[in-house]
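What follows is one structure encoded as structure tokens, with my remarks underneath.
First the proteins, then the strands, lettered A, B, ... as listed; each starts at 1.
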Amino acid sequence: MPELPEVEVIARGLQRLIGQSIIQEVEVLWPRSVARPEVPAFIQGLAGRRIIDVRRRGKFILFSLDDGRSLLAHLRMTGGFCVFPRTTPPHPYVRVIFHLTDGRDLWYVDIRKFGRLYLVDSPEEVLQALGVEPLSAEFTAERLADILRRRKGAIKPLLLNQGIIAGVGNIYADEALFRAGIHPLRRAADLDMEEVRALHAAIREVLQEAIDHRGTTLRNYRDADGETGQNQFRLNVYRRQGEPCRRCGTPIERIVVGQRGTHFCPHCQPAQP
DNA sequence: AAGAGACCCTGGATGC
DNA sequence: TGCATCCAGGGTCTCT
């Protein structure tokens with residue numbers, strides 16, 4: 001599942017591979033992959049446009065275009081991009097093909113078809129609802145403390161709320177809580193400043209380390225070069241239920257929080273502080 | 001504010 | 001072996 005680190009790795013790869021390419025023609029093979037505008041306007045709006053920049057915001061990939069508009073992609077569960085010579089035979093999960101003028105194709109691939117593409121005048125039309133970037137300078141421990149103070153719910157669902165912190169998904173929420181030694185059901189407002197500082201550092205560390213290891217590949221994730229990540233070998237709790245905690249040996253537990261599988265060490269992350 | 005449930009999808013796991 | 005069923009999971013939406 002692409003979360004912030006995986007989307008960052010893909011965006012960097014796309015910037016390198018197609019950062020200045022011109023889109024000649026677009027083929028939409030699965031219309032629902034295009035969120036907006038309508039498919040004909042999407043195709044027409046992209047024809048002839050030069051990509052001038054590819055970057056990430058939250059879990060979105062932003063392609064800036066030479067006419068000032070933007071192509072945005074949210075990969076959801078199984079979306080991805082890859083670049084091939086035009087002679088490459090079709091792939092069963094390709095949903096949108098961007099034919100480039102240099103003879104290559106950019107494929108939007110998505111097994112489960114949850115991902116969405118947006119062609120918009122301004123990226124803010126889509127991104128305005130997002131919260132703070134966890135790897136930015138604005139995300140300080142004090143800012144996190146401000147956020148948590150007003151929240152009566154459990155800490156784990158809060159970390160998954162994109163309107164509060166943008167880019168953290170299920171894997172890195174569990175990993176950050178483990179690293180900070182905080183139980184996923186602790187009330188956000190109950191964390192003391194020492195715990196907030198630990199959580200703030202843990203969020204940034206698990207995300208940055210995952211980027212450094214080119215993302216986590218559990219099933220389908222590949223970067224823009226088609227390579228798997230290496231971060232899956234470094235996970236401490238995610239999908240490790242029943243296995244010994246790497247820190248203390250206690251079996252990792254799995255519970256459901258906010259309808260999401262949640263993994264933690266009952267010894268390193270006590271329910272009571 | 002927050003939690004539950006439905007929905008969108010498919011591959012893989014599980015059950016019989 | 002083969003078929004049916006269940007489940008995960010990000011985000012959005014509705015309802016309470």
Side-chain angles (χ1 to χ4, degrees), chain A residues 1-8 10-11 28-36 39 56-62 72-81 91-96 108-118 120 123 125-131 133-134 146-177 184-191 203 207 210 215-222 228-229 231-232 235 237-242 252-264:
Chain A
M1 306 126 256
E3 304 182 21
L4 185 153
E6 292 76 32
V7 177
E8 178 70 30
I10 291 171
V28 176
L29 307 179
W30 182 258
R32 294 193 65 170
S33 292
V34 176
R36 69 171 93 148
V39 169
R56 177 196 62 76
R57 168 82 168 101
K59 298 180 193 173
F60 285 87
I61 299 173
L62 289 81
L72 273 59
H74 196 299
L75 306 177
R76 296 281 178 94
M77 304 294 295
T78 56
F81 284 99
H91 177 298
Y93 303 127
V94 178
R95 306 306 179 194
V96 180
Y108 172 66
V109 181
D110 191 356
I111 295 175
R112 294 194 185 175
K113 303 175 176 174
F114 283 178
R116 293 291 181 263
L117 305 178
Y118 306 76
V120 291
E125 293 173 36
V126 176
L127 304 179
Q128 61 178 356
L130 293 182
E133 272 298 318
D146 280 342
I147 292 168
L148 301 188
R149 237 192 303 277
R150 291 171 276 118
R151 298 283 169 163
K152 296 190 199 298
I155 185 65
K156 159 99 189 243
L158 184 147
L159 294 179
L160 298 179
N161 185 335
Q162 300 301 298
I164 298 174
I165 302 171
V168 178
N170 210 31
I171 297 172
Y172 301 107
D174 282 2
E175 293 297 319
L177 287 169
L185 288 174
R186 292 279 306 283
R187 271 171 38 123
D190 288 349
L191 301 186
I203 291 168
L207 295 174
T216 299
T217 298
L218 292 173
R219 279 193 190 151
N220 304 297
Y221 169 71
R222 297 287 188 281
T228 62
N231 197 249
Q232 60 276 20
L235 299 178
V237 288
Y238 188 76
R239 292 207 181 161
R240 290 194 67 241
Q241 60 269 30
I252 300 301
E253 288 187 13
R254 181 184 186 276
I255 59 176
V256 175
V257 179
Q259 296 163 300
R260 291 283 176 260
T262 297
H263 314 75
F264 69 102

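With values rounded to the nearest 0.5 angstrom, A/Asn170 atom CG is found 6.0 Å from A/Thr262 atom OG1. A/Leu191 contributes atom CG, which lies 13.5 Å from atom CZ of A/Arg151 (distance to the nearest 0.5 angstrom). The distance from the CZ atom of A/Arg186 to the CG atom of A/Leu148 is 11.0 Å, given to the nearest 0.5 Å.
The backbone N or O of A/Ala35 sits nowhere less than 3.5 Å from a side-chain atom of A/Arg116 that would complete a donor-acceptor pair.
A heavy-atom distance below 4.5 Å is found between the side chains of A/Ile10 and A/Tyr221. Between A/Leu235 and A/Asp174 there is no side-chain heavy-atom pair separated by less than 4.5 Å. Using a 4.5 Å heavy-atom cutoff, the side chains of A/Glu175 and A/Val237 are in contact.
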Show your reasoning for whether side chain to side chain contact (heavy atoms under 4.5 Å, CB included) applies to A/Ile61 and A/Phe81. CA-CA 10 Å; A/Ile61 299 173; A/Phe81 284 99; 4.0 Å; yes
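End-to-end axis angle for the helix from B/dA2-C/dT16 to B/dC16-C/dG2, using five pairs per end and rounding to 10°, comes out at 50°.
Residue A/Arg187 contributes atom CZ, which lies 15 Å from atom C1' of B/dG3 at whole-angstrom precision. Rounded to an integer number of Å, the gap from A/Arg151 CZ to B/dA1 P is 6 Å.
Taking 3.5 Å as the limit, the base of B/dG3 and the side chain of A/Gln259 contain no donor-acceptor pair of atoms between them.
Minimum heavy-atom separation, A/Arg76 to A/Pro2: O-CD, 3.2 Å.
Heavy atoms of A/Gly261 sit under 4.0 angstrom from primed sugar atoms or phosphate atoms, though from no base atom.
For the salt bridge (charged side-chain N to carboxylate O under 4.0 Å, His left out) with A/Arg56, the qualifying choice from A/Glu6, A/Glu3, A/Glu133 is A/Glu133, the only one to do so.
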For nucleotides 10-16 of chain C, just jot down a letter per nucleotide in 5' to 3' order: B, S or -, based on protein non-hydrogen atoms under 4.0 Å. BB-----
Anything under 3.5 Å between a protein N or O and an N or O of nucleotides 10-13 of chain B, put it in a table, one pair a line.
{"residue": "B/dT10", "atom": "OP1", "partner": "A/Lys113", "partner atom": "NZ", "Å": "2.6"}
{"residue": "B/dT10", "atom": "O2", "partner": "A/Arg112", "partner atom": "NE", "Å": "2.9"}
{"residue": "B/dT10", "atom": "O2", "partner": "A/Arg112", "partner atom": "NH2", "Å": "3.3"}
{"residue": "B/dG11", "atom": "OP1", "partner": "A/Tyr93", "partner atom": "OH", "Å": "2.6"}

